[in-house]
Amino acid sequence: MVKAVKMDENGENYGKGRKAVEVRDITCAYNGHVALKDVSMDVMRGEFVAVMGPNGSGKTTLLRAIAGIVKPVKGEVRVYGSISYMPQKDYVNVNIPMKVWDVVAMSILAKGKKFRWSVKLSEEEKKAVEEALRAVAMFELRNAPFTDLSGGQQQRVLLARSLATKPDILLLDEPFNGVDLPTQEKIINLLSELSNGGITVITVVHNVSPLIHHVSKIALLNKTLIACGKPEEVLTAENTLRAYGVSIPVTVCEEGYPHPLFGDIHG
Amino acid sequence: MLPPFLERALLAVVLISVNASLTGTFTVFRNASFLVAGAAHAALAGAALAIIIEELGFHVPVLFGGLVFAVIASLSAGYAGKGKLNRVEDLNTAIAVSFAFSMSLAVLFISMIREYAARVWGLLIGDLFLLSYSDLKLMFFATLTVILISLLFYRAFMFVSFDPEVALAYGMNVRLYDYLLLSMIAVSVVVIMGGVGAILVFAMFVAPPATAVRFAKSTGFVFAMSFLISLFSGLLGIYLSFQLPFSPGAIAALTASSTYFISAFLKK
Ligand SMILES: Nc1ncnc2c1ncn2[C@@H]1O[C@H](COP(=O)(O)OP(=O)(O)OP(=O)(O)O)[C@@H](O)[C@H]1O
Ligand SMILES: [Mg+2]
């Protein structure tokens with residue numbers, strides 16, 4: 001058994017065109033029940049990766065392993081740079097009436113292992129919170145209690161929280177659930193911009209179509225890695241059949257990107 | 001000049017309200033309201049054991065036995081309640097089991113005590129007007145500790161209660177903070193209970209913050225409003241106990257828990 005290693009320092013393997021995340025042959029289990037088996041994948045700096053697969057296929061588990069929340073029982077994860085993690089919303093206690101602003105600020109205050117005595121944000125940190133809130137179009141509601149927001153709005157605040165620390169690597173678990181289409185598009189454009197700027201984005205999605213033009217790689221899971229690579233290589237009839245148990249038709253748009261036609265299967 | 005018993009009762013009400021505001025609110029945020037009753041009953045087993053040890057010729061303060069057991073019970077519940085990785089909501093089941101366990105242990109220990117077991121039950125029963133100076137001193141120092149820990153670890157307690165998984169991803173020692181929070185709740189519950197009785201603690205620690213959360217627009221509001229609700233309930237209890245033949249604690253507990261139900265109607 002090898003423990004997951006995190007490397008935070010600006011080591012050799014750091015810089016554009018270098019690896020951001022190395023997943024080496026990991027197996028993850030909860031109380032002996034294997035959730036993810038023999039997964040290996042590399043993610044380079046600035047890549048925009050979509051993780052797909054049916055419910056229970058281990059998508060969240062993969063993100064947790066990369067974030068260091070779950071220790072693989074076998075294999076190793078290496079991470080080069082700072083991480084932000086946005087959980088699926090049902091993992092969050094939505095009964096605490098924290099203000100939106102404070103929810104976003106909490107990631108900045110918690111960053112790093114060092115205990116921080118002051119809860120006051122510096123001017124620079126305040127700006128980071130504001131930028132993050134503006135990026136998800138929630139700045140106007142910064143003083144509203146989190147508990148009063150709609151599900152989609154809460155989702156956006158959680159996304160802002162993960163953006164606020166300006167991480168090198170962003171791990172997002174179904175960030176678009178319940179988010180309206182214009183906001184979703186806005187966020188996708190933002191993530192795309194971030195990845196062009198060298199930030200690595202790894203996001204779990206069920207519907208990849210809205211971001212297919214932006215992602216550089218898709219990882220398709222079903223308890224193990226079915227395929228990982230360029231969208232057109234991964235989204236084949238054979239792979240989707242192996243992942244989902246049904247073959248999902250794919251149309252290729254004018255620009256040459258494959259769009260899976262979920263929920264549009266004609267008898 | 002107020003008579004000393006009244007002075008002590010008033011001071012106790014203020015101390016209880018501080019604990020209701022801090023410990024109580026964190027308990028409600030952590031979805032662990034049941035821990036208040038759980039810790040209180042675990043303390044019974046500890047108190048009984050302390051008396052058994054005393055009968056063997058070693059002196060152990062009864063309250064100390066209660067404190068140790070309450071802390072152990074809440075930590076075990078915290079440990080067992082983490083079945084589903086870092087989810088916050090499974091704690092109450094674990095507390096219920098730990099509650100049953102410590103009550104059975106309490107019954108077992110009490111049956112082993114040769115002298116009158118009322119001293120054990122005495123831990124559950126208290127009276128605002130019968131507080132001794134040393135009760136009050138202990139409550140005062142416990143409250144001071146609660147204030148200090150709450151100030152120091154406010155952020156950590158909030159993050160760990162809000163989403164432990166992300167706190168872990170940011171490198172926080174989630175287990176440690178969670179155990180600290182659960183221990184603080186246990187100590188605060190047992191010390192106040194030793195002074196004023198269990199019923200008043202149950203009512204004051206849970207009902208005011210649970211009421212406040214209903215109307216809250218911020219976390220600060222919950223802390224402030226729980227303090228005010230407990231203070232009001234306590235003062236009303238003392239005041240009415242001079243007009244009516246009821247114990248001040250009972251009236252205070254009734255008032256505090258009524259606010260919860262009244263707020264439920266108001267919010268509908
Ligand atoms: N905390 C946990 N404790 C025990 N088992 C878990 C836990 N989290 C996930 N599992 C199990 O691991 C497997 C993979 O779960 P995971 O959450 O990674 O799936 P997922 O692909 O994210 O699913 P979804 O699309 O529903 O979010 C499932 O069988 C699930 O039951
Ligand atoms: Mg998931």
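Numbered from 1 within each chain, the chains take letters A, B, ... in sequence-line order.
Ion pair A:E130/A:K126 not flagged as a salt bridge, since none of the NZ, NE, NH1 or NH2 atoms sits closer than 4.0 Å to an Asp/Glu carboxylate oxygen.
In summary, the aromatic rings of B:Y177 and B:F159 are positioned with their centroids too far apart to meet the 6.0 Å limit.
Using a 4.5 Å cut-off between heavy atoms, A:L171 does not touch chain B at all.
The choice from B:S218, B:A167, B:A216 that makes the most heavy-atom pairs within less than 4.5 Å of chain A is B:S218. Interface summary for chain B: among A:N95, A:L158, A:D148, A:I96, the most heavy-atom pairs under 4.5 angstrom belong to A:I96.
Annotation for B:F140: atom CZ does not count as buried by contact number, only 12 or fewer foreign heavy atoms lying within 6.0 Å. More than 12 non-hydrogen atoms from other residues, nucleotides or ligands lie less than 6.0 angstrom from OH of B:Y179.
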